[in-house]
Amino acid sequence: MNTILKEDLLTLNKLLSDTLLQGLTYLSNLDQTPTSVSFDPPAERTLSTSGMGGEGALYEFINRFESLMVASSGPRYWGFVTGGSTPAALMGDLLATIYDQNTQTTKGHGDVSAIVEFETIRLLLELFDLPDDFMGGFVTGATMSNFTCLGAARQWVGRRQGYDIAKSGISRPIHILSAVPHSSSIKALSMLGIGSSQVTRIPTINPTREAIDISKLEEAIHQLNGEPFILISSGGTVNTVDFDDMRAISALREKHDFWWHIDAAFGGFAAVSPKHKHLIEGWERADSITIDGHKWLNVPYESAFFFTRKEHTLHQVDTFQNSNAPYLGDPNENFNYLNFLPENSRRFKALAAWFSLVAYGKEGYREIVERTIDMAQELGQFIADSEAFELLAPTRLNTVCFTLKNGNEADVNTFLAKLNDGGKVFMTPTSFNGRAGIRAALVNWRTTAADVQIVKEEMNQVIQGIQSVVL
Ligand SMILES: *Cc1c(COP(=O)(O)O)cnc(C)c1O
């Protein structure tokens, strides 16, 4: 064995405790760590012939990169839809790395990790109050979850058209209907060979809403004349957290033959709160559902899961089976994640979610969801009451979409750049209904009223600094 490697093996305990100590220092300073840093790209290094050992690598990392780590898992990183990691999720994720299992079969050939994943999916169905007509699995993000669901949907369409797309490839157009699909679904359609331009855009209820117009959807369905199609619904759009009317779509599903996919990457968490559940009720009739773990579930990246109806397992296995490798057995007999989703070898992905679900239960998650929504509502109220800012859409759940009252796009960009450069809070630009805007999405379990207060003060200060430009 290489002598440096051998030395690291002998001092593994010290190496890991030093590493943990470094991580704990980051976590204990998270509130004060800036949400953005500006830096010149660090000087590149080359790969040395002789390594410096784990301790050397740790110190080099600390010296060159540690001060550039932003508080993206902290309470005021409100850009995109960015979650953090609950204490128990961190525990599970650390152990997933340490155990380093290859999570594939539930038959326990070698390890139990797939059984834990199975159990985690069942716990999640309970969290979301969904029936156990669904199966599911973990993938790296909602993008891959949409990919997985739409991959199974693609096979279903082919079967309805009388051929096996997984075997022969696509030879007839696949109809996709959607109002405001997330960009990642479009990306998935492109990766699946369906084509990103195959989406028939159904109008929304009106220009200030992102929810599908049900009567226009029904017209489009009639125009398809009984052809099978896939409907991609929004269970929370990213701009204004608008929801398609799930009850109405559920009723359409009774009358027409289509695959109903719901992208509920973060909006699905409305179901965790009795106060907000009505937004998504009816979703239990979907064929497939996408939900992110690394957003509102507050487990580390890369974590998302999908739910697909058990009656569709065959379409899913048709699409993702790896049975051309003979040692893997019959995909229908031995349940094996490698025949059920895109990846073959996978880490112990579900463990962080399992830890967090077991640690905090339904009540813990209800509290996180309702508190973050309350905080978003408070920020929304501050904007509605303000002289300088205005809401671009009502604050429906956890996301505030706003702009400057008298500002043009350049002013909005100047304000956002200064706000983000301050490092107290991070938000992202958007445009809605023809106007440039800014979004703040609150899903981090650490966020409290004190954080909203800090952000209000920071926003006031930044706007005063550029008021001469804007007002
Ligand atoms: C974040 C998000 C995605 C993409 O998720 P990743 O985890 O980044 O792959 C898809 N759909 C919606 C609605 C999202 O909010």
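Counting starts at 1 for both ligands and their atoms, in listed order. Predicted model, so just to flag it, every value in this text is computed and none were measured. For the numbers below, each heavy atom of this structure counts, side chains included, while hydrogens, waters and symmetry mates do not.
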| task | Can you tell me which residue pairs pass the side chain to side chain donor-acceptor pair (under 3.5 Å) test with a partner in residues 429-451, sequence neighbours excluded? | result | Arg76-Asp451, Asn239-Thr430, Glu390-Arg435, Thr428-Arg439, Thr448-Asp451

| task | Say whether Trp296 and Thr372, considering side chains only, have a donor N or O and an acceptor N or O under 3.5 Å apart. | result | yes

| said: Within the 4.0 Å heavy-atom shell around Asp263, which atoms of ligand 1 are there? | reply: 10 (C), 11 (N), 12 (C), 13 (C)

| What atoms of ligand 1 come closer than 4.0 angstrom to any heavy atom of Gly141? | 7 (O), 9 (O)

| Does the ring centre of Phe118 sit less than 6.0 Å away from the ring centre of Phe335? | yes

| Is there a donor-acceptor contact under 3.5 Å from the side chain of Thr82 to the main chain of Tyr77? | no

| request: Do me a favour and list the nearest non-hydrogen protein atom to atom 3 (C) of ligand 1 with residue, atom name and distance? | output: His182 CE1, 3.3 Å

| Under a heavy-atom criterion of less than 4.0 Å, does Met144 contact ligand 1? | no

| field | Ser184: numbered ligand 1 atoms lying under 4.0 Å from its heavy atoms | value | 3 (C), 4 (C), 10 (C), 11 (N)

| field | Residue selection (non-hydrogen contact nearest atom 9 (O) of ligand 1) among Thr143, Ile291, Thr140 | value | Thr143

| Mode of Lys295 contact toward ligand 1 - side chain, backbone, both, neither (heavy atoms, under 4.0 Å) | side chain

| remark: One finds that the ligand 1 atoms under 4.0 Å from a non-hydrogen atom of Phe266 are 15 (O)

| task | Provide the number and element of each atom of ligand 1 under 4.0 Å from a heavy atom of Asp292. | result | 1 (C), 5 (O), 6 (P), 7 (O)

| request: Output yes when the distance from some N or O of ligand 1 to some N or O of Ala265 is under 3.5 Å, and no in every other case. | output: no

| request: Examine Phe340 together with Phe306 and report whether their ring centres are nearer than 6.0 Å. | output: yes

| said: Give me the nearest non-hydrogen protein atom to atom 5 (O) of ligand 1 as residue plus atom name, then the distance to 0.1 Å. | reply: Ala142 CB, 3.1 Å

| Between Thr86 and Asn298, a side-chain donor and acceptor under 3.5 Å | no

| Hey, is Phe80 touching ligand 1 through its side chain, its backbone, both or neither, going by heavy atoms under 4.0 Å? | neither

| message | Less than 6.0 angstrom separating the ring centers of Phe229 and Phe258, yes or no? | response | yes

| query | Under 3.5 Å, side chain of Asn408 to main-chain N/O of Asp411, donor-acceptor pair present? | reply | yes

